[in-house]
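All residue numbers in this chain count up from 1 along the given sequence. Just so you know, ligand 1 is whichever comes first in the structure, and atom 1 is the first atom listed for that ligand.
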Amino acid sequence: MATTLRHPTDRTCERCGREEQWDADGETWCVVDDNAGSIYCIHEWDINGSFVPFEEYH
Ligand SMILES: [Zn+2]
């Protein structure tokens, strides 16, 4: 049983939905495919834990 120490390797903007992944080689964030979100957005990243993008309220 391996224990994996998890750290943020991807993040999603809570405002525009932009997705990025951490590029360990370039030591920078890279946009995931064609989900760049809005360039005018002040991105608010959800890398602090268990943010649920679409929570249903009944
Ligand atoms: Zn954003």
Output the distance between atom CD (Glu19) and atom CH2 (Trp45), rounded to the nearest 0.5 Å.
9.5 Å
Mind listing the protein N/O/S atoms less than 2.8 Å away from the Zn ion (ligand 1)? Waters don't count.
Cys13 SG, Cys16 SG, Cys41 SG, His43 ND1
Test side-chain contact (heavy atoms from CB on, under 4.5 Å) on Ile39 and Cys41; report intermediate values, then the result.
CA-CA 5 Å; Ile39 60 173; Cys41 177; over 6 Å; no
Can you list every pair that meets salt bridge (charged side-chain N to carboxylate O under 4.0 Å, His left out) and has a residue in residues 21-39, with sequence neighbours left out?
none
Taken to the nearest 0.5 Å, the spacing of Arg11 CZ from His43 NE2 works out to 8.0 Å
Verify the distance criterion only: is there a donor paired with an acceptor across the side chains of Asp10 and Gln21 at less than 3.5 Å?
no
For the atom pair CZ (Arg18) and CG (Asn35), what is the distance rounded to the nearest 0.5 Å?
9.0 Å
